[in-house]
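Heavy atoms only: backbone and side chains are in, while hydrogens, waters and symmetry mates are out. Numbering of residues begins at 1 and proceeds along the displayed sequence. Whatever order the structure lists ligands and atoms in, that order sets their numbers, starting from 1. Predicted, not measured: the structure shown is a model, and the values here were computed from it.
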Amino acid sequence: MKIITHALELKEFTKNINKTVGFVPTMGALHEGHISLIKRAKKENEIVIVSIFLNPTQFLKGEDLDKYPKKDEADKKICELANVDVLFFPHAKDMYSDDEATVLAPKVRGYILEGATRPAHFNGVLTVVMKLLNIVSPTNAYFGKKDAQQLALISLIVKQFFMSVTIVAVDTMREKDGLAMSSRNVYLSQEERKEALKISASLYLAGKMVSKNILDAQEIIKNMRATLAPLEISYVEIVNRDFEKVWHVEIGNTIILVEAKVGTTRLLDNIWL
Ligand code: AMP
């Protein structure tokens with residue numbers, strides 16, 4: 001596995017390979033969820049490039065940038081074992097200068113749900129993704145459905161900026177008991193880890209209601225909120241694939257999303273119906 005730390009070196013490398021390239025951007029502290037993205041990329045491309053970059057500009061003041069788990073050596077091993085071809089490990093100073101142009105998230109879809117709890121978060125995400133996609137020029141780039149709004153906004157900029165990459169959405173990997181895997185799960189105490197199961201339980205309940213043909217969004221949300229209690233809920237919302245709020249579940253075009261705080265940790269989860 002080749003490890004590259006400089007953007008221009010990677011750009012030079014990708015310019016000269018005449019092969020399909022699958023790209024998996026991450027912030028490190030890799031887990032099975034990330035590995036599933038890498039495996040999918042391996043299946044569908046000749047070369048796989050993974051980036052590990054804890055992007056400072058997508059963290060708001062007071063968020064967990066400083067305590068975000070860092071596992072550089074373990075991450076390298078995981079990538080090696082997954083037969084990653086190139087690991088891109090840039091320094092923040094190589095990615096940003098003092099006077100920067102930025103991608104602005106769309107005014108509506110960038111500021112609802114996750115964007116309402118974390119205003120301007122998506123500006124940071126979209127800017128770094130734009131930079132990474134321009135450095136790597138991949139054929140396909142892989143993103144998790146777990147971060148559904150992020151995935152929708154990335155798909156949107158790719159379309160709106162007429163970029164050539166294909167965005168591939170990958171299903172959420174869960175622990176055996178249902179908890180969605182996340183680098184932030186390490187923040188949870190044993191007690192909080194149990195409490196966190198209310199999040200996936202509320203989504204399973206929603207899925208069950210839909211399977212019984214209960215499609216009314218408010219009815220589903222009410223029952224989900226009851227399951228989530230007493231967690232502090234940031235939002236429970238039902239949207240279509242374009243991230244517009246809907247009143248009824250339409251199978252094949254619905255995402256049900258939850259963000260709740262467990263202790264001091266904000267956790268996201270969703271199901272696609
Ligand atoms: P992160 O390192 O948290 O920025 O995540 C990097 C990529 O992995 C993003 O596209 C995430 O959506 C995806 N991802 C994170 N957790 C999971 C999971 N449990 N299952 C599948 N993909 C995930």
Side-chain angles (χ1 to χ4, degrees), residues 22-44 48-60 63-65 67-72 74-76 78-79 82 84 87-90 92 95 113-115 118 121-133 136 138 140-158 165-188 193 196-197 199-200 203-204 243 255 257-259 265-272:
F23 177 46
V24 181
T26 81
M27 296 202 299
L30 302 182
H31 51 67
E32 290 290 334
H34 298 114
I35 295 171
S36 72
L37 267 61
I38 296 172
K39 281 189 179 151
R40 177 84 179 267
K42 285 294 294 181
K43 242 188 243 161
E44 298 175 356
V48 169
I49 300 179
V50 172
S51 67
I52 294 181
F53 180 56
L54 188 56
N55 175 39
T57 67
Q58 69 190 70
F59 287 80
L60 275 63
E63 289 190 343
D64 59 340
L65 175 62
K67 69 166 188 172
Y68 197 87
K70 253 186 168 316
K71 299 187 176 166
D72 295 355
D75 287 348
K76 280 180 199 165
I78 288 171
C79 288
V84 167
L87 178 56
F88 180 46
F89 229 128
M95 293 292 281
L113 304 166
E114 192 61 7
R118 308 178 75 187
H121 160 69
F122 285 120
N123 294 346
V125 171
L126 296 180
T127 301
V128 80
V129 168
M130 174 76 88
K131 281 177 186 263
L132 290 167
L133 291 175
V136 177
N140 301 297
Y142 295 79
F143 293 89
K145 288 184 181 176
K146 164 148 188 304
D147 298 289
Q149 192 174 3
Q150 167 178 290
L151 170 62
L153 293 176
I154 290 167
S155 303
L156 199 71
I157 61 161
V158 163
V165 61
T166 299
I167 300 298
V168 183
V170 181
D171 288 339
T172 300
M173 289 288 286
R174 298 177 179 281
E175 305 286 356
K176 280 199 184 75
D177 58 11
L179 182 70
M181 290 181 181
S182 163
S183 304
R184 290 190 166 97
N185 289 349
V186 296
Y187 298 153
L188 301 173
R193 171 76 180 65
L197 291 179
I199 297 173
S200 50
L203 291 165
Y204 288 132
F243 264 78
I255 310 173
L257 308 112
V258 178
E259 186 193 276
T265 308
R266 284 177 322 97
L267 295 175
L268 295 184
D269 202 351
N270 58 62
I271 46 166
W272 295 47

Is N55 reaching over with its side chain to a backbone N or O of G124, donor-acceptor style, under 3.5 angstrom? yes

Ligand-side contact atoms (ligand 1) for residue partner D171, heavy atom cut-off under 4.0 Å: 20 (N), 21 (C)

Measure the shortest side-chain to side-chain distance between F143 and I154 over non-hydrogen atoms and say whether it is less than 4.5 angstrom. yes

Please identify which atoms of ligand 1 are closer than 4.0 Å to at least one heavy atom of D147. 11 (C), 12 (O)

From atom 16 (N) of ligand 1, work out which of M27, H31, H34 has a heavy atom at the shortest distance. H31

Nitrogen or oxygen atoms of V170 and ligand 1 under 3.5 Å apart: no

Counting only heavy atoms, tell me which of M181, R40, M173 gets closest to atom 20 (N) of ligand 1. M173

Please examine the side chains of V50 and D75, heavy atoms only from C-beta on, and report whether any two atoms are closer than 4.5 Å. no

Quick one: nearest non-hydrogen protein atom to atom 10 (O) of ligand 1, plus distance? G144 N, 2.9 Å

Closer than 4.0 Å to some heavy atom of F143 - which atoms of ligand 1 meet that? 10 (O)

Beyond-backbone contact of I52 with L87, side-chain heavy atoms, under 4.5 angstrom: yes

Among all protein heavy atoms, pick out the one at the shortest distance from atom 22 (N) of ligand 1; state its residue, atom name and that distance to 0.1 Å. L37 CD1, 3.4 Å

Heavy atom under 4.0 Å from ligand 1: found in P25's side chain, backbone, both, or neither? backbone

Test R118 against E63 for salt bridge (charged side-chain N to carboxylate O under 4.0 Å, His left out), laying out the working first. CA-CA 9 Å; R118 308 178 75 187; E63 289 190 343; 2.6 Å; yes

Whether K131 side chain and M95 backbone form a donor-acceptor pair below 3.5 Å: yes

Quick one: closest heavy-atom pair of N270 and R174, and the distance? O-NH2, 3.4 Å

Using distance alone, decide if ligand 1 has a nitrogen or oxygen within less than 3.5 Å of any nitrogen or oxygen in T172. no

